[in-house]
Amino acid sequence: MPITTKAKSPGELEDWPAIREAIRRYVRTRTGRADMADDIAQDVLLRLIALRETQAIGSIFALAFRIADNLMVDTNRREIRQSGDLDEDWPCDAPSLDRVLDSRRAVEVLSSCLRRMPPLRREVIIRRRLRQESCRAIGNDLSMSSKAVEKHITRGLVDLRQAFERAGIEPVGE
Amino acid sequence: MPPELYTVDRMAAIWVERMSRSVLSSELAAEFDRWITTDPRHVESYARMQALWQSDGFEDALQEAGDSPPLPAVPNDNDPLSWLARHRMMASAMAAAVLCLIFAVPLASNLLIDRVHYEARKGEARQFALVDGSHVTLSGGGVMDLRLTPWSREVKLEKGEAFFDVAHEKIRSFSVDMGTAQVEVLGTAFDIDRRSDGTVAVQVFRGLVGVHAGAGRQWRLPAGTGLEIAGDRVRSLPEPIGSAPAWVDGWYDAMDTPVSQLIEQLNRVSATRVTLADPALGNLLVSGRYQISKPEAVLDALAVTYNLTWRKAGDHYAISR
């Protein structure tokens with residue numbers, strides 16, 4: 001995870017309220033839950049403040065969202081362990097995007113969209129996400145520039161998101 | 001999707017890919033922070049894209065697609081301009097054309113606008129045939145206004161629930177305004193429930209509808225889907241059964257539905273008002289098919305389910321423990 005590169009100069013202050021709000025928004029969009037968003041934002045903020053004391057942070061938001069990713073996974077695990085309702089698609093009132101994405105229907109929609117893509121684009125995405133190859137390695141193998149590889153991935157992701165939105169019901173924006 | 005949102009999603013996709021690399025340059029790090037802080041929608045789009053990228057579902061889909069033969073490509077409808085935008089553009093072009101016609105003909109445009117007010121008495125659902133050939137069933141106590149112009153069909157649902165079977169017209173759009181949310185349709189059949197607590201539920205039986213809930217929130221609902229909007233919270237509804245909602249025939253399908261909602265349905269049909277002695281009883285959940293055209297039978301069923309009692313007290317039924 002690309003995080004530690006160049007720090008802000010020590011005198012520079014972070015806009016913590018804005019950072020907290022961004023984390024809340026990030027978690028709420030993914031989980032559909034305001035309560036979880038508040039808890040996680042608070043937790044992430046404390047960790048960021050502590051980390052900033054000892055580390056140079058390149059992108060405060062990249063780090064914040066990554067910590068939030070991990071906390072969301074932890075919280076979900078804990079809640080599933082406590083309630084045991086694994087079968088429920090959406091146990092809470094609002095649909096959680098993360099849960100929806102793992103459903104069988106979502107896999108079908110994404111897979112059919114992938115199969116309709118130009119073969120080269122599909123191949124690029126499979127190599128990048130599934131096999132974790134770098135853009136440069138993929139470019140070398142398929143005789144194209146890294147920029148072209150990135151373009152395929154970007155375009156593919158937008159297509160997948162739209163296929164997913166088209167297929168069902170998903171909040172767009174808030 | 002408006003072109004603007006398309007650009008946001010594209011940027012989000014670029015960032016998600018960059019964030020999955022092992023190193024991020026300090027320039028890109030600073031650029032990411034700038035991008036995130038310029039617009040709250042950037043965070044949301046990034047969150048959605050990251051959810052896709054990180055999901056197990058995506059991994060499974062990639063595995064599956066890699067192992068299966070490709071499918072024929074479909075005509076590309078992922079243009080920055082979605083069907084909704086295109087439809088709107090076409091509609092406004094048509095509207096402009098029609099407007100020109102109107103001005104060419106010396107006619108007061110008021111003559112071309114029909115306004116009709118519809119009401120269904122409490123306890124009695126009513127069916128209306130609209131002049132455009134559409135049919136509406138309005139629940140008891142329901143109130144709606146229709147405004148027909150040469151270029152649009154606009155319904156304002158003030159109160160209650162309505163099932164719309166819309167006659168398809170190429171030029172005139174059909175839209176329903178529920179105050180907090182709007183539905184736009186082509187030719188289709190759908191049910192809208194505007195509840196007294198401000199919740200709005202939309203269920204689509206045929207065709208496709210677009211729902212707008214303000215603040216950039218929009219959804220596209222194909223047949224067999226439904227959506228419930230309560231303030232900031234949105235949840236999808238189970239697939240509706242049959243070709244019209246059950247209440248049209250005097251039934252109500254509950255599925256983990258709060259008793260308060262069942263009572264609201266009953267009160268649209270029942271001539272005698274149903275009340276709860278303790279509002280907390282409204283939070284109990286019920287499932288099953290209730291014949292709301294026979295309120296007393298529903299009350300009996302409810303009483304048995306939760307060991308409650310009900311009695312007729314003057315002009316209303318009272319349910320209590």
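First the proteins, then the strands, lettered A, B, ... as listed; each starts at 1.
Looking at A:Ile153, the atoms closer than 4.5 Å to chain B (heavy atoms on both sides) all sit in the side chain, from C-beta outward. The parts of B:Gln54 that come within reach of chain A are both its backbone and its side chain, each placing non-hydrogen atoms under 4.5 angstrom from that chain. In this structure, chain B has no heavy atom under 4.5 Å from any part of A:Ala106. Both the backbone and the side chain of B:Trp53 come within contact range of chain A, each with at least one heavy atom under 4.5 Å from a heavy atom of that chain. Within the 4.5 angstrom heavy-atom criterion, atoms from both the backbone and the side chain of B:Leu52 approach chain A.
Ion pairing of A:Asp159 with A:Arg116 is absent here, as no side-chain N (NZ or NE/NH1/NH2) approaches a carboxylate O to less than 4.0 Å. Under 4.0 Å is where a charged nitrogen must lie from a carboxylate oxygen, and between A:Arg24 and A:Asp38 at least one such pair does. A salt bridge does not link B:Asp197 to B:Arg195: none of the charged side-chain nitrogens sits closer than 4.0 Å to a carboxylate oxygen. Between B:Glu59 and A:Arg129 there is a salt bridge, with a side-chain nitrogen of the basic residue lying less than 4.0 Å from a carboxylate oxygen of the acidic one. Taking 4.0 Å as the cut-off between side-chain N and carboxylate O, B:Arg41 and B:Glu44 do not count as a salt-bridged pair.
Residues of residues 131-138 of chain A lying within less than 4.5 angstrom of chain B, judged on heavy atoms, are A:Cys135 in numerical order.
The residue among A:Glu150, A:Arg122, A:Arg128 with the most heavy atom pairs within less than 4.5 Å of chain B is A:Arg128. Between chain A and the options B:Gly224, B:Ser45, B:Ala51, B:Ala13, the largest number of non-hydrogen pairs under 4.5 Å is found for B:Ala51. Of the listed residues A:Ile126, A:Val109, A:Leu130, A:Leu110, the one with more heavy-atom pairs under 4.5 angstrom with chain B than any other is A:Leu130. Top candidate by heavy-atom pairs under 4.5 Å with chain A, chosen from B:Val16, B:Ile36, B:Leu28, B:Asp60, is B:Ile36. Interface check for chain B: of the options A:Lys151, A:Glu123, A:Arg104, the most heavy-atom pairs under 4.5 Å are formed by A:Arg104. Note: B:Met49 leads B:Met49, B:Gln63, B:Glu228 in heavy-atom pairs under 4.5 Å with chain A.
Applying the ring pair (Phe, Tyr, Trp, His ring centres under 6.0 Å) test to A:Phe61 and every residue at least two apart in sequence or in another chain returns nothing.
Taking the centre of each ring, B:Phe164 and B:Phe205 stay at or above the 6.0 Å mark.
Between the side chains of B:Gln50 and A:Arg30, no donor-acceptor pair is found at a separation under 3.5 Å.
Taking both residues in full, the closest heavy atoms of B:Arg194 and B:Leu157 are given as NH1-O, 2.8 Å, listed atom of the first, atom of the second, then distance.
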Assess whether side chain to side chain donor-acceptor pair (under 3.5 Å) is satisfied between B:Gln261 and B:Tyr252, documenting all intermediate values.
CA-CA 10 Å; B:Gln261 206 171 305; B:Tyr252 180 66; 3.2 Å; yes

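Rounding to the nearest 0.5 Å gives a distance of 15.0 Å between CG of A:Leu157 and CH2 of B:Trp15.
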